[in-house]
Trainee: 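The structure under discussion is supplied below as C-alpha cells; questions concerning it will follow.
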Amino acid sequence: MKIVNDIQALRQQVKAWRMQDLKIAFVPTMGNLHEGHLALVKAAHQHADKVIVSIFVNPMQFGLSEDIDNYPKTLEQDKNRLIAEDTDLLFIPTSDIIYPKGYTDNTFVEVPNISNLYCGKSRPGHFRGVATVVCKLFNLVHPDVACFGSKDYQQLQIIQTMVDDLSMPVKIVPVEIIREDSGLAMSSRNGYLTAQEREIAPSLYKTISWLAQEIKTNKNFSELCQQAGEKINQAGLTTDYISICHAYTLAAANEDDKNMVILASAFCGKARLIDNIVVNL
Ligand code: AMP
C-alpha cells in the first residue's frame with residue numbers, strides 16, 4: 001500500500017493509473033477504522049481496479065462545541081487493516097494541505113434544504129463541511145466510483161444530490177450498515193461508550209426495528225414516532241430526533257409513500273448515536 005501525504009504525489013499516482021486506463025474507487029474516512037469502513041473498501045474493490053482510501057478528520061464539519069481534538073486516532077492499526085484489505089493507496093493529508101487558507105473563509109459547497117434537517121438541525125454547518133471536503137477530495141482523487149456507508153443515510157443523500165446537481169463524473173455506491181452482534185451500528189463514536197452505556201445503546205436499533213414493523217399497518221406516523229422516542233428515552237438514552245421520511249427527498253413521509261426511511265438519533269452518555277432503516281412497502 002502506497003501512503004501519500006501531499007497532493008502532488010497523489011495526483012501523480014492517479015495520473016499514472018489513468019494512463020493505464022485503470023478504474024479508481026475512493027473511500028473517504030476519518031480513520032479509527034472498523035468493519036463498517038472495511039466493508040466500503042471491499043465494495044470499492046468490486047467496482048474498480050485501484051482503491052484509494054483517505055483518512056482526514058475534517059475540521060470544517062465539526063461544530064465549535066464538538067471536540068475534534070479527542071476524535072479517536074488509531075493510525076498504525078488503520079494502516080494494517082487497510083493493507084489486509086489490499087488497499088492500493090492511503091491518502092493522509094493535514095488540514096493545511098486541504099485548507100491552505102484556513103476553512104472559515106473558503107469557497108464552500110452547500111446542498112440546500114436537506115442539509116438543514118435532522119442531523120443538520122442538531123449540528124449546524126456540519127453538512128456544509130462534509131459536502132465541501134468531499135467535493136475537494138473528489139477534485140484531488142478524480143475517482144470513477146466512491147463508496148459511502150448507508151449508516152450515514154442523510155450524508156449519503158446529500159453527497160448524491162451534490163454529485164447530481166454539479167454533474168460530477170463519479171458514481172456513488174451505497175454500502176449496507178455493518179452492525180455489532182447487539183444490533184448497534186458500528187461507529188467510531190461507540191468508543192466513547194462506557195460498558196453500561198453499551199448495554200443500552202442497542203435500544204436505538206431495537207426501537208426503529210419495531211417502528212419499521214408498525215408502519216406497515218399503522219399510518220399514524222407522528223404518534224408512532226412519539227411512542228418510539230419514548231421507548232428510546234425509557235431505555236436510558238435521550239432521543240434527539242426520530243422521523244419517518246421519504247427515502248430520497250427525506251421530507252416527512254405520508255401514508256401513501258412506498259419507499260421510506262426511518263432516521264433516528266439519540267444521545268447515549270457523551271456519544272450521539274445515529275441509525276436508520278429503509279422500509280419499502
Ligand atoms: P467516518 O470515518 O465516520 O467519516 O465514516 C467514513 C465512511 O464509513 C462513511 O461513508 C460512513 O457512512 C461509513 N461507515 C461508518 N460506519 C459504518 C457502518 N457501521 N456501516 C457501514 N458504513 C459505515
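Order of listing sets the numbers, starting from 1, for every ligand and every atom in it.
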Trainee: Salt bridge or not for Asp144 and Arg18, using N-O below 4.0 Å?
Mentor: yes
Trainee: For His34, is the nearest heavy atom under 4.0 Å from an atom of ligand 1?
Mentor: yes
Trainee: Can you tell which of Arg179, Gln155, His37, Glu35 gets a heavy atom nearest to atom 2 (O) of ligand 1?
Mentor: His37
Trainee: In ligand 1, which numbered atoms sit nearer than 4.0 Å to a non-hydrogen atom of Phe148?
Mentor: 10 (O)
Trainee: Examine the proximity of ligand 1 to Met30 and report which part, side chain or backbone, both or neither, has a heavy atom under 4.0 Å away.
Mentor: both
Trainee: Which heavy atom of the protein is the closest neighbour of atom 7 (C) of ligand 1, given with residue, atom name and distance?
Mentor: Leu40 CD1, 3.5 Å
Trainee: Considering the heavy atoms of Gly149, write down every atom of ligand 1 situated less than 4.0 Å from one of them.
Mentor: 9 (C), 10 (O), 11 (C), 12 (O), 13 (C), 22 (N)
Trainee: So if I count the atoms of ligand 1 from 1 in the order they appear, which ones are less than 4.0 Å from some heavy atom of Glu176?
Mentor: 20 (N), 21 (C)
Trainee: I'd like to check which ligand 1 atoms, numbered from 1 as shown, lie under 4.0 Å from a non-hydrogen atom of Pro28.
Mentor: 6 (C), 7 (C)
Trainee: Check ligand 1 against Asp152 and write out every atom of the ligand that is under 4.0 Å from a heavy-atom position of the residue.
Mentor: 11 (C), 12 (O)
Trainee: Side chain, backbone, both or neither: which part of Ala39 comes within less than 4.0 Å of ligand 1 when only heavy atoms are counted?
Mentor: neither
Trainee: Under 4.0 Å from a heavy atom of Met186: give me the atoms of ligand 1 that qualify, with their elements.
Mentor: 16 (N), 17 (C), 18 (C), 19 (N)
Trainee: Does either side chain, that of Asn58 or that of Gln61, offer a donor lying less than 3.5 Å from an acceptor on the other one?
Mentor: yes
Trainee: Between Lys270 and Glu197, is the closest basic N to carboxylate O distance under 4.0 Å?
Mentor: no
Trainee: Hey, which atoms in ligand 1 end up nearer than 4.0 Å to a heavy atom of Ile177?
Mentor: 20 (N), 21 (C)
Trainee: What is the closest protein heavy atom to atom 20 (N) of ligand 1, and at what distance does it sit?
Mentor: Ile178 N, 2.9 Å
Trainee: How far apart are the closest heavy atoms of Ala48 and Lys23, and which atoms are they?
Mentor: CB-O, 3.3 Å
Trainee: side-chain hydrogen bond (donor to acceptor under 3.5 Å, both in side chains) with Lys151: which residues, sequence neighbours excluded?
Mentor: none
Trainee: Between Lys50 and Asp86, does any NZ, NE, NH1 or NH2 come within less than 4.0 Å of an OD or OE carboxylate oxygen?
Mentor: no
Trainee: With sequence neighbours excluded, what pairs up with Gln196 under the side-chain hydrogen bond (donor to acceptor under 3.5 Å, both in side chains) test?
Mentor: none
Trainee: Begin with the C-alpha distance, continue with both residues' side-chain angles, and end with the deciding distance and a verdict on side-chain hydrogen bond (donor to acceptor under 3.5 Å, both in side chains) for Asp78 and Thr74.
Mentor: CA-CA 6 Å; Asp78 292 353; Thr74 49; 3.0 Å; yes
Trainee: Indicate whether the side chain of Glu76 and that of Asn80 have a donor and an acceptor atom separated by less than 3.5 Å.
Mentor: no
Trainee: Quick one: does Ser150 get within less than 4.0 Å of ligand 1, heavy atoms only?
Mentor: no
